[in-house]
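This report refers to the structure that appears directly beneath it.
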Number of protein chains: 2
Amino acid sequence: MKADGRSRRETSRPMSKPEPVDPGPVEVFAALGDPTRLSLLTKLSDGQTRSIAALSADTKLTRQAVTKHLHVLEHAGLVKSIRVGRESQFGYRPGPIVEARSYLDRVSAQWDEALARLKALVER
Amino acid sequence: MKADGRSRRETSRPMSKPEPVDPGPVEVFAALGDPTRLSLLTKLSDGQTRSIAALSADTKLTRQAVTKHLHVLEHAGLVKSIRVGRESQFGYRPGPIVEARSYLDRVSAQWDEALARLKALVER
DNA sequence: TTGACAGGCAACCTTTTGGTTGCCTTTTTC
DNA sequence: GAAAAAGGCAACCAAAAGGTTGCCTGTCAA
């Protein structure tokens, strides 16, 4: 049932921006788990904003295929798009990557602790 | 082009274990991009090794479903299994997570550099 | 030695995913 | 104002993913 995620909390804030609120790590990892999308993202992470046509240029895929991938990335909050004139410019959004990284950090940390405990136990 | 990553090195070792050689970040991210698998992995990252039955216990899924997920994780190098007696024990393998993290680090780094350059340019 | 427990294997099913083609709308540009 | 460039939308398709059931093989314990 997915738990609204915007119901409680933020009671004080003046109801300002909707702010896509990047989804959990699972969706982010899923979005990264495709070669096309990963390369699109790393390309965009250079800070430059690009049109769909530009991004489709160097893949063998159709423009529509690329479009779909971009939407997946956008849904995961990894990328944002704004329509400017006749083209929509896609740009990198750092948030989810940072979160994903810290998620992995926590996993690693748990592992390291476990190792440390084991070591301590053995050396005792 | 990806650079084998296991070609040189180990020339001296007597052709011992194939050593799964964890696959690229894409496969790792794909493996993490599923709620069941992510929770299996975080569970295992406490360093304890668990049987399939034990891991299936607290999910609503079938044992076989869990088995499949474990194999996906194993293929991605995130987990290893050894058969002990009548049960196979699954354990965490830290390598790929570390790699994945450093991949995200590089993406973040590229983004940060881009930002810095932009800032420098503007403030000039 | 006979259950019961743990797991492998395979067939099968449904939904999702990744991709395509075709066509229509909106901006540019000449 | 008409052609071209950029995209959106929708239908459609094949393959992969996620899951289930059924059955067979080892292994442990009584």
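Letters go in sequence order (proteins before strands), and every chain restarts at 1. All figures in this text were calculated on a predicted structure; none of them were measured in a lab.
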Q.
By nearest heavy atom, map Val84(A) and Asp34(A) onto DNA chain C; which one lands nearer the 5' end?
A. Asp34(A)
(Q) Using modelled atom types and a 3.5 Å cut-off, is there a donor and acceptor pairing between side-chain atoms of Arg86(A) and backbone atoms of Val84(A)? (A) no
Just distance, no hydrogens or angles: give the donor-acceptor pairs under 3.5 Å from side chains in residues 29-41 of chain B, sequence neighbours left out.
from: Asp34(B); atom 1: OD1; to: Thr36(B); atom 2: N; distance (Å): 2.9
from: Asp34(B); atom 1: OD1; to: Arg37(B); atom 2: N; distance (Å): 3.1
from: Arg37(B); atom 1: NE; to: Ala31(B); atom 2: O; distance (Å): 2.8
from: Arg37(B); atom 1: NH1; to: His69(B); atom 2: ND1; distance (Å): 3.2
from: Arg37(B); atom 1: NH2; to: Ala30(B); atom 2: O; distance (Å): 3.3
from: Ser39(B); atom 1: OG; to: Thr36(B); atom 2: O; distance (Å): 3.2

Q.
Is the shortest side-chain heavy-atom distance between Arg93(A) and Leu78(A) below 4.5 Å?
A. no
Q: Compute whether any side-chain donor of one residue and acceptor of the other, for Ser81(A) and Glu74(A), lie under 3.5 angstrom apart.
A: yes
Where do N or O atoms of nucleotides 4-7 of chain C meet protein N or O atoms at under 3.5 Å, pair by pair?
from: dC5(C); atom 1: O2; to: Arg86(B); atom 2: NH1; distance (Å): 3.0
from: dG7(C); atom 1: OP1; to: Ile52(B); atom 2: N; distance (Å): 3.0
from: dG7(C); atom 1: OP1; to: Ser88(B); atom 2: N; distance (Å): 3.4
from: dG7(C); atom 1: OP2; to: Ala53(B); atom 2: N; distance (Å): 2.6
from: dG7(C); atom 1: N7; to: Arg63(B); atom 2: NH1; distance (Å): 3.4
from: dG7(C); atom 1: N7; to: Arg63(B); atom 2: NH2; distance (Å): 3.1

Q: Tell me, please, the opening and closing nucleotides of DNA chain D, 5' to 3', among those with an atom under 4.0 angstrom from a non-hydrogen atom of chain B.
A: dG18(D) to dC28(D)
Q: Could you state the atom-to-atom distance from CG of Leu32(A) to P of dT17(C) in whole Å?
A: 15 Å
Q) Is there a path of hydrophobic side-chain contacts, each under 4.5 Å between heavy atoms of I, L, V, M, F, W or Y residues, that connects Val28(A) with Val98(A)? A) no
Q.
If I take atom NZ in residue Lys68(B) and atom P in nucleotide dC12(C), what distance separates them, rounded to the nearest angstrom?
A. 14 Å
(Q) When you measure from the side-chain N and O atoms of His69(A) to the phosphate of dG19(C), is any distance below 4.0 Å, counting only OP1 and OP2? (A) yes
Q: Mind calculating the distance between NZ (Lys60(A)) and P (dG18(C)) to the nearest angstrom?
A: 17 Å
Q. Is the closest side-chain donor-acceptor distance between Ser45(B) and Gln110(A) under 3.5 Å?
A. yes
Q: May I have the distance from Phe90(B) (atom CZ) to dG8(C) (atom C1'), rounded to whole angstrom?
A: 11 Å
**Q.** Spacing between Gln64(B) atom CD and dA11(C) atom C1', to the nearest angstrom
**A.** 12 Å
(Q) Would you say Trp111(B) ends up clustered with Leu70(A) if hydrophobic residues are merged whenever their side chains have heavy atoms under 4.5 Å apart, either directly or through other cluster members? (A) yes
Q) Does the Ser51(A) side chain pair with the main chain of Ala54(A), one donor and one acceptor, at a distance under 3.5 Å? A) yes
